[in-house]
Amino acid sequence: MRVCLGIADAYEGPMQSPGEAGPVMSEALARDVVKEIPPKAADLSAWYTAACLKAELVSYSPVRGCVVLRPYGFGLWENLQKHLDERFKATGHENAYFPLFIPESLLVREAEHVEGFAPEVAWVTQGGSEKLTERLAIRPTSEAIIGVMYAQWIESYRDLPVLINQWSNVVRWEKATRPFLRTMEFLWQEGHTAHASAEEAREETLRILELYRDFAENVAAIPVYVGRKSASERFPGAVETFSIEALMPDGKALQSGTSHDLGQNFAKAYDITFVDADRAIKHAYTTSWGVSWRMLGGLIMVHGDDRGLRIPPRMAPIEAVVIPIVRSNDDRAVEASRATAERLRKAGFRVRVDERDAQPGWKYSEWDLRGVPVRIEIGPRDVDAQTVVLARRDRERDQPGQRQSVALAELPGTLRELLEDIQRSLHSQAKAHLDAHTFVAPDRAEFFRLCKERAGMVDIAWCERPECEAHVKAETTATTRVLRALDEPAAVCLVCGEPAKVRAYFAQSY
RNA sequence: CGGGGCGUGGCUCAGCUUGGUAGAGCGCUUCGUUCGGGACGAAGAGGUCGCACGUUCAAAUCGUGUCGCCCCGACCA
């Protein structure tokens, strides 16, 4: 398969003399830059867009606000799906699919819900040449259509709980476009469950929250804060919303997964009732929860560096890329690479051989840019010695241990350990960033300063009053991200001095 | 939706002020030499200048509109 980067300017640095090369890099070559993308720290937005495009995750399309998810990007999405889906199945959920179109009369039944989504709903008003008598919303989320179906399916407490998930696309009329973070159409999963009691629904909401946290930390290697959302940040129509929040390198928070306890609000709006064991007719308690491809945006920003993406092994479409190094009089490396890749595939690794007619160095840079965790170099010396060279993407080019020579016989075991080590290392690098950018604000002035300067997650005791939050937002543009239990009952709100009810992380957000 | 910027071969951009019939570098194709961190030579291909309307003998260039993208804010996953 042919992969073309848009630009690949001539490399301007000094060249390493052929034959001299080995695991030791010259200092000049250790510059960790790549010409396709700007330095990450200088302008995160520009870096992010370039990285997504040049790594061939997405392309902009002729459709405003919509991107094309290219095969490599879809590979990332598939891995997210795989890991979440197996967790959903393990907790008793099943997949189903509901219609894309939602009649207006259904959507408007839950008042807060419609009001919340009204500004971003896309409407179909015409079919063929005929005007529709009733507008059809293109789903911004599926509580309405699913609620109506649950009302039909649920009769008795014996039918509960209903635990269904849907993998789908949704549309929200956005005005700006950023790959994964903000597009009019996006991919996600939405879980919708119905339960016989409030307690059970709350348990489900928290079970999924923990599932999301586990996925973010252990698969995407993104450390997150977990908790309840404030009233203003709550899902329209929910009794309570919980979320996981990640911190981006620019100090802004990214809500990466949400889980809603909908109480009986939607059951009442859509008439989801059941006859309980005590023969009384009751409204069910429902939940909904979702993760979108936005989490991929978070993964890219959190782990990437000046050379491009760094994908955690468990999410990587390609875990290791094999690069044969041939000489004009010696192309044994090609066969050796194929054989090695085949062996690794049989051992369960996701491996690709790059046999393109290009310079090895050029390929190194390209696969660095695309974030493949491990590169396997196989040259004539390796063929003779029955070894390969492993290079790890999570370390700088001049860092000790970035490259190592491994005997062929030990390759699968060493690669397995190396991938696990990279997975851990990316998480701990991200965790170090989160810790370094989490502040317990000592006083009001410092709190405002940290929020305004986008320092990161700012932790305070808070009164939980909407007007207090609005005041902070007006002054600093920061909002509450998640709330958690108060540690000292006597604490007062750092902002307004009223009695505190919770501890809250404030941050600017995406 | 406000404020600013930008749309010219695949990519990055020059040309626009002072209208005269389109350029560079990289990439791409073929052949040869190369290949352990972005190779080199030779020969080629490729653009209705985002789109529409207007001004003009003549528009990439001037005007109006429109679509899209980027950055900064307001809204959201």
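Owing to the predicted nature of the structure, the values given are computational and were not obtained by experimental measurement. Scope of the values below: all heavy atoms of this structure, side chains included, with no hydrogens, waters or symmetry mates.
- Nearer the 5' end of RNA chain B, as judged by each residue's closest nucleotide, is the contact made by A:Val326, out of A:Leu181 and A:Val326.
- With no hydrogens or angles considered, a side-chain donor-acceptor pair links A:Asp85 and A:Trp167 at under 3.5 Å.
- Closest contact between the side chain of A:Glu366 and the listed nucleotides B:rC35, B:rC11, B:rG38 involves B:rG38.
- Summarising the base pairing, B:rG9 is matched to no nucleotide, lacking a Watson-Crick or G-U wobble pair whose two defining distances lie under 3.5 Å.
- Within a 6.0 Å radius of CH2 in A:Trp173, no more than 12 heavy atoms belonging to other residues, nucleotides or ligands are found.
- The distance between atom CD of A:Glu174 and atom P of B:rA74, rounded to the nearest whole Å, is 14 Å.
- Screening A:Ser168, A:Ser288, A:Ser292 for a side-chain contact (heavy atoms from CB on, under 4.5 Å) with A:Glu190, the sole residue that qualifies is A:Ser168.
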Identify every side-chain donor-acceptor pair in residues 111-121 of chain A under 3.5 Å, counting partners at least two apart or on other chains, and give the distances.
from: A:Glu112; atom 1: OE1; to: A:Gly237; atom 2: N; distance (Å): 3.4
from: A:His113; atom 1: ND1; to: A:Pro236; atom 2: O; distance (Å): 3.3

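- Residue A:Phe186 is classed as a base contact, given a heavy-atom separation below 4.0 Å to a base.
- In this structure, CD1 of A:Ile323 is placed 12 Å from P of B:rA39, rounded to the nearest angstrom.
- Computed from coordinates, the A:Glu233 CD to B:rC76 P distance equals 7 Å when rounded to whole Å.
- Pairing for B:rG73 is with B:rC1, a Watson-Crick or G-U wobble pair whose two hydrogen-bonding atom distances lie under 3.5 Å.
- A:Arg375 places its CZ atom 11 Å from the P atom of B:rG38, with the value rounded to the nearest Å.
- A salt bridge does not link A:Lys452 to A:Glu475: none of the charged side-chain nitrogens sits closer than 4.0 Å to a carboxylate oxygen.
- The separation of B:rG27 from B:rC62, taken at their P atoms, amounts to 33 Å, rounded to a whole angstrom.
- If you check the side chains of A:Arg481 and A:Thr479, you find a donor sitting under 3.5 Å from an acceptor.
- Base pairing annotation: B:rA42 forms a Watson-Crick or G-U wobble pair with B:rU30, both donor-acceptor distances under 3.5 Å.
- Contacts of A:Glu377 with the nucleic acid, taken as non-hydrogen atoms under 4.0 Å apart, include base atoms.
- At a threshold of 4.0 angstrom between heavy atoms, the contacts of A:Gly290 with the nucleic acid are absent.
- Distance check on atom P: B:rU61 versus B:rU18 gives 14 Å, rounded to whole Å.
- Within 4.0 Å (heavy atoms only), A:Gly65 reaches sugar-phosphate atoms of the nucleic acid but no base atom.
- Heavy atoms of A:Asp368 sit under 4.0 angstrom from at least one base atom.
- Neither OP1 nor OP2 of B:rU33 sits under 4.0 Å from any side-chain N or O of A:Ser328.
- Relative to the side chain of A:Ile325, the nucleotides B:rC35, B:rG37, B:rC71 differ in distance, and B:rC35 lies closest.
- In this structure a side-chain-to-backbone donor-acceptor pair under 3.5 Å is present from A:Thr205 to A:Ala201.
- The nearest whole Å value for the distance from the CE atom in A:Met184 to the C1' atom in B:rC75 is 15 Å.
- OP1 or OP2 of B:rC69 sits under 4.0 Å from a side-chain N or O of A:Thr177.
- Residue A:Ala358 is classed as a base contact, given a heavy-atom separation below 4.0 Å to a base.
- To the nearest whole angstrom, the two C1' atoms, one in B:rG10 and one in B:rG46, are 9 Å apart.
- One C1' atom belongs to B:rA77, the other to B:rG37, and the distance between them is 40 Å to the nearest Å.
- Place A:Asp43 and A:Arg234 on RNA chain B by their nearest nucleotides, and A:Asp43 ends up nearer the 5' end.
- At a cut-off of 3.5 Å, with distance as the only test, a side-chain donor of A:Glu204 or A:His93 sits close to an acceptor on the other residue.
- Nucleic acid contact for A:Phe180: base, since at least one base atom lies under 4.0 Å from a heavy atom of the residue.
- For the P atoms, the distance linking B:rG7 with B:rG63 amounts to 14 Å, nearest Å.
- Side-chain nitrogen and oxygen atoms of A:Gln359 include at least one within less than 4.0 Å of the OP1 or OP2 phosphate oxygen of B:rA39.
- Per the geometry, CG belonging to A:Asp357 stands 12 Å off P belonging to B:rA39, to the nearest Å.
- Counting non-hydrogen atoms under 4.0 angstrom, A:Ser256 reaches nothing in the nucleic acid.
- Nucleic acid contact for A:Thr479: none, since no nucleic acid atom lies under 4.0 Å from a heavy atom of the residue.
- Both distances falling under 3.5 Å, in either a Watson-Crick or a G-U wobble arrangement, place B:rU66 opposite B:rG50.
- On the P atoms, B:rU29 is 15 Å away from B:rA45, given to the nearest whole Å.
- For the P atoms, the distance from B:rU48 to B:rG23 is 14 Å, rounded to whole Å.
- Contact annotation: A:Lys54 side-chain N/O to B:rG27 OP1/OP2 distance is not under 4.0 Å.
- Regarding contacts with the backbone of B:rC72, a side-chain N or O of A:Ser45 is found under 4.0 angstrom from either OP1 or OP2.
- Pairing for B:rU56 is absent, with no Watson-Crick or G-U wobble pair whose two atom distances lie under 3.5 Å.
- Atom OH in A:Tyr212 sits roughly 13 Å away from atom P in B:rA77 (whole-Å rounding).
- Dashed line: the shortest gap from a side-chain N or O of A:Arg178 to OP1 or OP2 of B:rA77 is not under 4.0 Å.
- Of the possible donor and acceptor atoms, none in the side chain of A:Trp77 sits under 3.5 Å from a partner among the backbone N and O of A:Tyr72.
- The side chain of A:Trp362 has B:rG38 as its nearest neighbour among B:rC71, B:rA77, B:rG38.
- Between the P atom of B:rA39 and the CZ atom of A:Arg327 lies a distance of 15 Å, rounded to the nearest Å.
- Taking atom P on both B:rG54 and B:rA58, the two are 12 Å apart, rounded to the nearest angstrom.
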